[in-house]
Amino acid sequence: MPRTLLIPALLDDWFPLLQYAFTSREWEPVLLREERGLADRGMRYFHNELCYPVFLVAGQVLAALESGAYNPADCGVLMGQAGDECRGSCGIRLMRKALDQAGYPEVKLLSLNVRGIDRDTGLPITLPMIRRALAAAVWGDALAIARNQVRPYEVRGGSAETLWQWWIGTLGEDLRRGTGLSRRRILKRCREIAASFRRIETAPREIQKAAIVGEIYTKYCRLGNWDLERYLAAEPCEIGVGGVTWYALYYMDTHSLKGPAYQRKLYRLLSGYFGGVQREMLSVLQEAGFHTLPPLAELKRRAKGVAPLNCTVADGWLITAEAAAWASLGYRKILCVQPFGCLPGHIFGKGQYAALQRKLPDALLASVDYDASTGEGTVQSRIRMLLDTEL
C-alpha cells in the first residue's frame, strides 16, 4: 500500500500533470489545496524575516496534517531542493524544524534533490520519472500558452478553462499509465492541444496585454501572487507568463557551470535534448497561430546587452530576458513579482528593474512585493497603476 506524498502548491498550471512523475509503488501524490490562514500558521515556527513562500508552504503542510485527513505516520512531504541561494538550499531543514515543533516528527521529508544537498532526503530520480516530468512540462506549457491567448476572446465564457481541464484529465491518464511519452507522441499531443484551442469560437476585442515575470513562487502559484492571473483575466487582459520549460532550461544552463564535472556534463546533455523538444513544441504552437517566447537558447542570445547574463543567482537573468522578449511581442505592461523577504530576489531580481526600464522605453514595468504584512489594497493599487497608465 503506497504512502501519501503531500505536495505543497507551487506550479499551479503544471502540478496536476507533474504529480504523476512522483507516483511509485511507495508513494501516492496528493496536491495540497488548503488556502486559509497559511502565512499566520507558518509564522508560528519561523522568524518573521524569512521569505513569504516559506510561511505559505509550511502553513499549507501543517494545515493538511491538522485537518485529520491524513495519517502523519504514513505521510511524506515533497520539497524542492534546487540548491540555489536562500530557501532553495535550506527550505527542507526549515520544514523539518516546523514539523518537529508542531508534533509531527514521524512525517518524512523528501526532496527533489538535484545538487546533492541533504542526500538522505532525496527522492530517487529514475528514468520513468524524468520521462513523465518532461512530457508534463511540455504539455503544461502548451496548455497554458493556448488557454491564456484564447480566453480573453472566447465567445462563451469559460470555454478555454473547460477545455484546459479536459486536457489535464486526458493527459494525466497518459502520464499515469506511462504511455505515449516518446518525443514523437509528446509533440503529437501538442498539435492536438493547439488545434483544439483553435476550434474555440472567439471574437476580436480590445484587450490589454500584460506579462508576468519574477520569482518562481510568486510567478506561478496563486497563493504566492494572490490569484494574480484571475485578477488580470477579469480586467480583461491577455496574460503572458513564461512556461516551466524555460525555467527548467534556465536552471540547467546556469547550473551547468557549477558542481563536479559529471554533473555539469549531465546538465549539458539534458538541456540539449530538452531544448530540442521545447523548440519543436514552440514551432507547433506558432504554426497554429499562437505567439510564444523564443526557445531558451535564443532567448538568452537576444538578451545579450539587456539582461546581465552573468547573474545566475535565483531567477537571475531569466527575469530581464523574459521581460524584454514579452515587450517585443506586444506585452508592454510587465508585472515584476517578488516575495518580500527574499534576499536574492530583491538583490538579483529587483536590482535589475531600473536598468531594464531604461533599456525598454516603450514598455512599463511595475514591481509588486507579496508579503503577509502587505494589504491587498496596496498590491492592487500598484497593479491598477500599471493597467491604467496609457502607453
Side-chain angles (χ1 to χ4, degrees), residues 1-34 38 53 56-83 87-100 102-140 168-181 216-217 220-221 223 244 248 251 270:
M1 187 73 176
R3 302 169 68 190
T4 301
L5 183 63
L6 304 178
I7 303 179
L10 173 60
L11 307 173
D12 290 346
D13 284 345
W14 292 266
F15 267 180
L17 297 177
L18 277 170
Q19 64 176 315
Y20 295 100
F22 313 124
T23 302
S24 67
R25 293 180 180 178
E26 185 178 0
W27 297 104
E28 183 64 31
V30 173
L31 301 181
L32 296 184
R33 306 194 182 278
E34 285 77 10
L38 302 184
L56 292 176
V57 170
Q60 194 172 43
V61 170
L62 293 170
L65 293 171
E66 292 166 7
S67 71
Y70 310 102
N71 178 3
D74 291 329
C75 280
V77 177
L78 183 64
M79 300 285 293
Q81 194 78 339
R87 73 178 190 277
S89 296
C90 65
I92 199 164
R93 299 179 193 181
L94 293 171
M95 180 61 74
R96 180 75 274 160
K97 172 178 175 287
L99 288 171
D100 290 348
Y104 300 107
E106 70 274 35
V107 174
K108 186 176 178 62
L109 281 175
L110 297 100
S111 64
L112 284 176
N113 205 318
V114 293
R115 288 292 303 280
I117 300 172
D118 298 324
R119 294 175 185 270
D120 58 321
T121 68
L123 185 71
I125 297 177
T126 63
L127 183 58
M129 177 189 291
I130 293 172
R131 293 181 69 230
R132 284 185 170 96
L134 187 151
V138 170
W139 290 337
I168 290 294
T170 300
L171 298 174
E173 188 60 23
D174 287 350
L175 290 163
R176 187 187 65 80
R177 294 196 309 261
T179 58
L181 303 184
I216 184 172
Y217 193 91
Y220 292 127
C221 181
L223 294 178
V244 164
Y251 186 90
L270 277 174

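Just the heavy atoms: all of them, side chains too, but no hydrogens, waters or symmetry mates, feed the values below.
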Check: With a 4.5 Å limit on heavy-atom distance, are the side chains of F22 and L110 in contact?
Finding: no
Note to self: Minimum heavy-atom separation for E106 and P72, please, with both atom names.
What the structure shows: OE2-CB, 3.3 Å
Next item on the list: Taking the side chain as every heavy atom from C-beta outward, state whether D13 and Y220 have any pair of such atoms under 4.5 Å apart.
Entry: no
Notebook entry, point to check: Under a 4.5 Å cut-off applied to non-hydrogen side-chain atoms, are L65 and L6 in contact?
Noted result: yes
Checklist line | Minimum-distance pair of heavy atoms, taken over all atoms of L78 and S111 | finding: CD1-C, 4.4 Å
Notebook entry, point to check: How long is the gap from CD1 on I7 to CE on M79, to the nearest 0.5 Å?
Noted result: 12.0 Å
Notebook entry, point to check: How long is the gap from CG on L181 to CG on L134, to the nearest 0.5 Å?
Noted result: 9.5 Å
Notebook entry, point to check: Which is it for Y104 and E66 under the side-chain contact (heavy atoms from CB on, under 4.5 Å) test, yes or no, and what are the steps along the way?
Noted result: CA-CA 10 Å; Y104 300 107; E66 292 166 7; 3.4 Å; yes
Next item on the list: Using the side-chain contact (heavy atoms from CB on, under 4.5 Å) rule, take M95 and V57 through it: C-alpha gap first, then chi angles, then the decisive distance, then the call.
Entry: CA-CA 9 Å; M95 180 61 74; V57 170; 3.7 Å; yes
Checklist line | Distance in Å, L10 CG paired with D12 CG, rounded so as to fall on 0.5 Å steps | finding: 8.0 Å
Checklist line | Least distance between heavy atoms, L18 atom then A137 atom | finding: CD2-N, 4.4 Å
Check: How long is the span from the CD atom in E34 to the CG atom in L56, to the nearest 0.5 Å?
Finding: 13.0 Å
Margin query: Please determine whether the number of non-hydrogen atoms from other residues, nucleotides or ligands lying under 6.0 Å from atom CZ of R177 exceeds 12.
Written below: yes
Checklist line | Minimum heavy-atom distance between A64 and L32, given as atom pair plus value | finding: CB-CD2, 3.7 Å
Margin query: Rounded to the nearest 0.5 Å, what separates atom CG in L5 from atom SG in C75?
Written below: 9.0 Å
Checklist line | Derivation and outcome, side-chain contact (heavy atoms from CB on, under 4.5 Å), residues K108 and V77 | finding: CA-CA 6 Å; K108 186 176 178 62; V77 177; over 6 Å; no
Check: Which pair of non-hydrogen atoms, one from Q19 and one from P29, has the smallest distance, and what is that distance?
Finding: O-CG, 3.2 Å
Next item on the list: Could you tell me the separation between the OG1 atom of T126 and the CZ atom of R131, rounded to the nearest 0.5 Å?
Entry: 10.5 Å
Notebook entry, point to check: Taking all atoms of both residues into account, what is the closest heavy-atom pair of A9 and L223, and its distance?
Noted result: CB-CD1, 3.9 Å
